[in-house]
Amino acid sequence: MTEPLVVRREVQIAAPPATVFAFLTDPEKIMSWMGAEATTEPRAGGLYLIKSVGRRNTARGEFREVIPVHRLAYSFGWEGGEEVPPGSSLIEIDLVDHDGGTLLRMTHSGLPNEAQCAAHARGWTHYLGRLAIAATGGNPGPDQGAAPADA
């Protein structure tokens, strides 16, 4: 059996964990760095739904674990997606108080192949950079989405 494909990212954000947590769970704050519409119910079993810019894609999942200001885990996938349908992958985010800010550790597991792993890795790099700007009070600018694979 092959090892599952996983995307891992770490980013240091110059804001306290409570602030970063709010930017990961509050729909209004989420839309400052990702997506055009967000619905979240940050409790076990609650809905996670993000509609992308231009509403071309909708990410849907369910919160599995919510430990305020410390940890989030939620299922994830794309409505209408055959390779990564809703609920087929898992995103885990840990927030660690570190160096006067927050060390965000993200793991995205359950991706079906190398192409999806690479695409989601690009997306996470793009969006975590935008999150780091927004959570510190900056304006990351309009969300144009992550660069396509051939960019």
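Computed from a predicted structure; not experimentally measured. Side chains are part of it too, since the values below use all heavy atoms of this structure and drop only hydrogens, waters and symmetry mates.
Side chain of S52 to main chain of N57: a donor-acceptor pair is present (N/O by atom type, distance under 3.5 Å, no hydrogens or angles). Remark: side-chain polar atoms of R9 are not paired, donor with acceptor, to backbone N or O of L104 under 3.5 angstrom. Side chain of Q12 to backbone of H98: a donor-acceptor contact under 3.5 angstrom is found. Proximity of a side-chain donor or acceptor of E41 to a complementary backbone N or O of L47 within less than 3.5 Å is detected.
Expressed to the nearest 0.5 Å, how far CG of L128 lies from CD1 of I93 amounts to 7.0 Å. From R105, atom CZ reaches atom CZ of R71 across 11.5 Å, with rounding to the nearest 0.5 Å. To the nearest 0.5 Å, the span separating CG on L131 from NE2 on H126 amounts to 11.5 Å. How far CZ of R64 is from CD1 of I91: 11.0 Å, rounded to the nearest 0.5 Å. In this structure, CD1 on I13 lies 10.5 Å from CD1 on I133, to the nearest 0.5 angstrom. Here the CZ atom belonging to R60 is positioned 13.5 Å from the OG atom belonging to S88, to the nearest 0.5 angstrom.
Nearest heavy-atom pair across P112 and L5 is C-CD1, 4.2 Å. Heavy-atom minimum distance, I50 versus A38: CD1-CB, 3.5 Å. Taking both residues in full, the closest heavy atoms of W78 and P86 are given as O-CD, 3.1 Å, listed atom of the first, atom of the second, then distance. Across all non-hydrogen atoms, the minimal contact from L111 to Q116 is CD1-O, 4.3 Å. The shortest heavy-atom contact between H108 and S89 is NE2-OG, 2.8 Å. Between Y74 and F63, the shortest heavy-atom distance links the atoms CB-CA, 3.7 Å.
For R43, the CZ atom counts as densely surrounded, since its 6.0 Å shell holds more than 12 non-hydrogen atoms of other residues, nucleotides or ligands.
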Only distances under 3.5 Å count here; give the side-chain donor-acceptor pairs of residues 18-26 to other protein atoms, sequence neighbours excluded, each with its distance to 0.1 Å.
from	atom 1	to	atom 2	distance (Å)
T25	OG1	F21	O	2.9
D26	OD1	E28	N	2.9
D26	OD1	K29	N	3.1

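Applying the side chain to side chain contact (heavy atoms under 4.5 Å, CB included) test to D97 and every residue at least two apart in sequence or in another chain returns P17. Shown here are the salt bridge (Lys or Arg N to Asp or Glu O under 4.0 Å) partners of E83, two or more places apart in sequence or in another chain: there are none.
Both V11 and V69 belong to a common hydrophobic cluster when Ile, Leu, Val, Met, Phe, Trp and Tyr are linked at side-chain heavy-atom distances under 4.5 angstrom.
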Show, in sequence, the C-alpha distance, side-chain angles and deciding distance for V6 and C117, and conclude whether the side chain to side chain contact (heavy atoms under 4.5 Å, CB included) test is met.
CA-CA 7 Å; V6 175; C117 195; 6.0 Å; no
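In this structure, H120 and F76 have perpendicular ring planes: the angle between them is above 60°, well past the 30° mark.
Proximity of L49 to E79: side-chain heavy atoms (C-beta onward) are separated by under 4.5 Å at one or more points. Under the 4.5 Å side-chain criterion, counting only non-hydrogen atoms from C-beta, M31 is not in contact with D143.
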